[in-house]
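Reading through the structure tokens given below for one structure.
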Amino acid sequence: MKFYSTNRNTVSVSFREALFRGLAPDGGLYFPETIPPLPAGFFRELPHLSLPEIGTRVVANLVQEEVPEAELARLMAEVLNFPIPLVEVEADRYSLELFHGPTRSFKDVGARFMSRMMGWFNQGAAQEVTVLVATSGDTGSAVANGFLGVPGVRVVLLYPSGMVSQIQEMQLTTLGQNVTALEVAGVFDDCQAMVKAAFVDPEITARVRLTSANSINIGRLIPQSIYYYHALAQLPDAAPAPVICVPSGNFGNLCGGLIAWKTGLPVRRFIAATNANAVVPEYLASGEFQPRATVRTLSNAMDVGNPSNFARMLELFGGQVTAMRKMISGHGFGDRVTMDALAEVKDRTRYLMDPHGAVGFLGLDAEDLEPGVPAIFLETAHPAKFAGAIEDKLGETVPLPDDLAACLTREKQAISIGNTPADLKEFLLRSGPG
């Protein structure tokens, strides 16, 4: 399988090359030249396959011969060693709980996959690789945990100062070892722009072997398709194709679902639910993509005003908004209605969502859903990661899992820097080659 750049100004590369490069030399995002359909027999087998077995089959379909299947199966058993249950919240309405991994975020799946793939490919390499990541919250902690102690890899995380929750900040700034956190005086879009600029700066790339673990990296994107298959495997027998609502920020999670759909996964349609940063829902309504400055919200992992993966969405639909509208609808929601929904669902069903999951639930509510059709929303982070906002709304304590409580007792280790590409360049060159 070869992977091309969405900007189409550079040659196609192998999965290994795309994984380590992160961003293509022309500034585009890597994408598979083809998305092969999976055989019908695989979909019939789904209810009888374990999560690692599903992951092995799905990934092998896209990376093909680059990783021997036996080795891939071993790595997937390490990556997917936690449950991803589909929980019925009310009749025909399901939550896909993606927060049972080590950092209580859906991003554990992609980060753990990337760390194992890079470690496997990098065996015996002479030069250290630097994983450069911009995070609006959960990506940083998932990447830090996934790569912690991996030989030959250092991790540099950029996060916007004052714009992540306390638990998120402590998860990504307290590990030490091969993980360095940079606290940026800006917003997530500044962090993302700094990372992108570093990848195309010849002075940096001549001295530092860079790769990325953001959803711009194809190695983060591919594994995010796995849990969509696993979700359908858990639906009742003979259930019709579901509607799936994806809380969306940088849109990697939705792209993962679309890749699964392209392989033949039966999905009726997707809903892209955002917070106030609703540039993609606005594109679906108007046909014009107009990125803008990020708006800060309570669902901070989705605070993205210029989502990178929109380029991949265009690739999937041939750049045609009319084609995209046939498969995706979009809605944006403010903090007040989000927290109202969180409280109302908790009161009515006793099910507690986090603000991101509440946005997903609202996306389903905004649609005229057909009776009897399963409706799935993605619950992307444990509610305790947003305990302050939830407790303010509900007036009750959110139980804190032991692993999250432990990170609050550790010492923060972060380096403060400015919000320009020059600031990051100075740090990377001063801190030495990777």
Side-chain angles (χ1 to χ4, degrees), residues 1-8 10-25 28-46 48-80 109-125 129 146 211-230 232-233 252-253 255-267 309 311-313 315-318:
M1 175 69 72
K2 292 291 187 179
F3 295 80
Y4 70 96
S5 167
T6 54
N7 284 349
R8 290 181 165 81
T10 189
V11 298
S12 296
V13 300
S14 67
F15 172 68
R16 182 186 188 282
E17 289 177 90
L19 176 71
F20 280 104
R21 287 184 179 179
L23 198 66
L29 307 187
Y30 283 116
F31 205 64
E33 288 187 338
T34 61
I35 300 177
L38 284 159
F42 168 72
F43 296 105
R44 289 193 296 269
E45 290 179 58
L46 270 180
H48 311 292
L49 297 176
S50 68
L51 179 56
E53 287 171 337
I54 292 171
T56 300
R57 299 274 289 274
V58 167
V59 174
N61 186 53
L62 290 173
V63 306
Q64 298 181 356
E65 295 83 13
E66 285 196 59
V67 183
E69 189 155 343
E71 199 61 14
L72 185 58
R74 180 184 67 81
L75 295 170
M76 295 309 299
E78 293 181 12
V79 171
L80 298 169
V109 174
R112 289 167 68 81
F113 176 82
M114 280 196 67
S115 69
R116 271 59 177 184
M117 286 293 102
M118 286 185 178
W120 188 79
F121 279 124
N122 208 42
Q123 296 174 88
V129 63
T211 190
S212 173
N214 281 97
S215 59
I216 61 175
N217 192 307
I218 193 67
R220 261 281 305 278
L221 186 66
I222 287 174
Q224 289 184 160
S225 67
I226 295 168
Y227 38 74
Y228 291 91
Y229 301 88
H230 187 54
L232 268 68
N253 219 356
C255 282
L258 291 169
I259 289 172
W261 165 66
K262 282 288 189 178
T263 69
L265 188 72
V267 177
N309 284 292
R312 287 179 170 136
M313 293 173 66
E315 293 298 312
L316 284 159
F317 293 97

Chi angles and distances behind the side-chain contact (heavy atoms from CB on, under 4.5 Å) call for R220, F113
CA-CA 7 Å; R220 261 281 305 278; F113 176 82; over 6 Å; no
Any side-chain heavy-atom pair of [X] and [Y] under 4.5 Å:
{"X": "H230", "Y": "L80", "result": "no"}
{"X": "R16", "Y": "E66", "result": "yes"}
{"X": "E45", "Y": "R57", "result": "yes"}
{"X": "L19", "Y": "M114", "result": "yes"}
{"X": "R21", "Y": "F3", "result": "no"}
{"X": "I218", "Y": "L62", "result": "no"}
{"X": "F42", "Y": "N61", "result": "no"}
{"X": "R112", "Y": "P223", "result": "no"}

Could you verify whether a donor N or O on one side chain and an acceptor N or O on the other, from N309 and R312, lie under 3.5 Å apart?
yes
Which atom of [X] lies closest to which atom of [Y], heavy atoms considered:
{"X": "L23", "Y": "G28", "result": "CD1-O, 3.3 Å"}
{"X": "S12", "Y": "K2", "result": "CB-CB, 4.0 Å"}
{"X": "T263", "Y": "F43", "result": "O-CZ, 3.7 Å"}
{"X": "T34", "Y": "M1", "result": "O-CE, 3.2 Å"}
{"X": "Y229", "Y": "I259", "result": "OH-O, 4.5 Å"}
{"X": "A260", "Y": "Y228", "result": "CB-CB, 4.2 Å"}

What's the verdict on side-chain contact (heavy atoms from CB on, under 4.5 Å) for L29 and E315, showing C-alpha distance, side-chain angles and the deciding distance?
CA-CA 10 Å; L29 307 187; E315 293 298 312; over 6 Å; no
Partner of V67 by side-chain contact (heavy atoms from CB on, under 4.5 Å), out of V59, L72, T56
L72
side-chain contact (heavy atoms from CB on, under 4.5 Å) between L46 and L265: does it pass, once the steps are laid out?
CA-CA 10 Å; L46 270 180; L265 188 72; 4.3 Å; yes
Let me confirm one number: the CZ-CD distance from F15 to E65, rounded to the nearest 0.5 Å.
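Separation between the atoms: 13.5 Å.
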R74/R116 under side-chain contact (heavy atoms from CB on, under 4.5 Å): CA gap, chis, key distance, verdict
CA-CA 10 Å; R74 180 184 67 81; R116 271 59 177 184; over 6 Å; no
In terms of relative ring orientation, are Y4 and F31 parallel, tilted or perpendicular, with 30° and 60° separating the classes?
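Rings of Y4 and F31: perpendicular, over 60°.
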